[in-house]
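In this text the structure is predicted, and so the values were computed from the model without any measurement.
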Amino acid sequence: MKFRFIIPAVAITVVSFFTSLLLSADFEVYAQRERVAGPYVKQTASVTKVVSAKSPAFARAAAENARLRGSLTWAFGGKTQIGWAIYVPLISHTIGTDAAPESDEFALALSNWQGDAGILPSGILDSETLAALTKHWQSKRLGRSGLIASDSLRAAPIGEFFDPTRAPDLLQLDQETYSAYQKMVAAAVKDLRQELKVTKTGELAPDEKFFRIVSAYRSPEYQAALRKREPNAGRAALAKHSPHSTGHALDIYVGGEPVRTLDSNRLIQVQTPAYKWLVKNAHRFGFYPYFYEPWHWEYVPGK
């Protein structure tokens with residue numbers, strides 16, 4: 001016997017809420033999804049994505065994200081980390097939303113990103129999702145710390161550095177990296193004229209610190225000396241094999257204390273217009289972040 005169900009076209013009606021796990025060559029993982037009529041579900045050749053946050057499931061996910069934002073316990077660099085508030089700008093950019101992290105819209109965007117990443121698309125930023133995000137961010141980095149050929153290094157003007165007394169041998173960086181940095185800063189100054197001190201000629205004012213270079217090329221010997229002075233040097237502090245030795249890594253001033261990893265300092269840094277601009281635009285110039293250090297950016301063109 002066949003049954004027919006007629007759904008009135010007068011209103012968009014929620015038909016059912018279901019949890020499923022689809023694993024095949026043609027499908028990503030999709031679960032905990034509300035099936036709805038009308039324009040709320042977007043179909044493509046191989047996947048289905050939710051495009052509306054109007055679901056009790058997303059409201060529940062939003063409430064959980066509001067809690068986990070400051071309480072999720074996870075580990076990095078041999079240290080216990082609490083919450084993911086420091087990484088909200090990076091997370092938001094990665095999942096493609098400007099919505100507040102405690103909103104239903106954020107949960108929706110996260111759910112779709114989770115599906116693309118092969119994670120249960122709950123819309124909740126749990127430890128598994130955070131691990132996937134950090135893996136994604138780390139994959140954009142140099143992934144090496146070899147020495148750069150001396151003939152590829154050039155000295156940048158002291159005026160482009162945060163510290164006007166920095167030693168001459170610490171002003172070097174890769175030529176191509178320097179050119180990309182200059183283009184990036186020029187674009188940032190154009191976009192952030194209201195937030196930065198800018199001269200009449202459209203350049204950073206001499207006393208403006210944002211976007212200045214804090215550190216560029218560092219020799220292995222200099223890095224070793226830094227580690228010796230750092231009492232708690234480790235993966236989350238000073239790297240033993242630093243990408244700065246390639247000449248392609250830059251520490252850029254984005255606010256607060258330039259390179260201090262204290263959570264309270266990093267939280268200040270990620271809220272500045274300079275950092276938020278870099279998160280959204282640095283990739284256009286070939287620069288990608290080390291997520292743990294808001295000031296650290298690596299030139300990796302083509303990624």
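Between Tyr181 and Glu160, some side-chain heavy-atom pair lies under the 4.5 Å cut-off. Side-chain contact between Tyr275 and Ile268: absent, with no pair of heavy atoms (C-beta onward) separated by less than 4.5 Å. Ser152 has its side chain out of reach of Glu176: every pair of non-hydrogen atoms, C-beta onward, lies at least 4.5 Å apart. The closest side-chain heavy-atom distance from Phe210 to Val185 is not below 4.5 Å. Contact of the Ile158 side chain with the Leu171 side chain is registered, since non-hydrogen atoms from C-beta on lie closer than 4.5 Å. Two residues are said to be in side-chain contact when any heavy atoms from C-beta on lie closer than 4.5 Å; Phe58 and Ser111 meet this criterion.
Taking a cutoff of 4.0 Å between a charged side-chain nitrogen and a carboxylate oxygen, Lys276 and Asp98 do not qualify as a salt bridge. Between Arg218 and Asp251, at least one side-chain nitrogen of the basic residue sits less than 4.0 Å from a carboxylate oxygen of the acidic one, meeting the salt-bridge criterion.
The minimum heavy-atom distance linking Thr94 with Leu133 is given by the pair CG2-CD2, 3.9 Å. Closest heavy-atom contact between Gly123 and Asn65: O-ND2, 2.9 Å. Nearest heavy atoms, Ser122 versus Gln114: N-OE1, 3.0 Å. Residue Trp74 comes nearest to Gly83 through the heavy atom pair NE1-O, 2.9 Å, listed as atom of the first residue, atom of the second, then distance. Between Pro289 and Leu90 the shortest heavy-atom distance is CG-CD2, 3.9 Å.
Note: Tyr290 and His296 have perpendicular aromatic rings, judged against thresholds of 30 and 60 degrees for the angle between ring planes.
Arg141 and Gln138 share a donor-acceptor pair across their side chains, judged by distance under 3.5 Å alone.
Ring centroid separation for the pair Trp297 and Phe287 does not come in under the 6.0 Å cut-off.
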task = Applying side chain to side chain contact (heavy atoms under 4.5 Å, CB included), run through Leu204 and Leu196 and close with a yes or a no.
result = CA-CA 7 Å; Leu204 287 178; Leu196 303 174; 3.9 Å; yes

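Side-chain N or O atoms of Asp174 include none that pairs as donor or acceptor with a backbone N or O of Tyr217 at under 3.5 Å.
Taking a 6.0 Å sphere around CZ of Arg260, one finds it holds 12 or fewer heavy atoms contributed by other residues, nucleotides or ligands.
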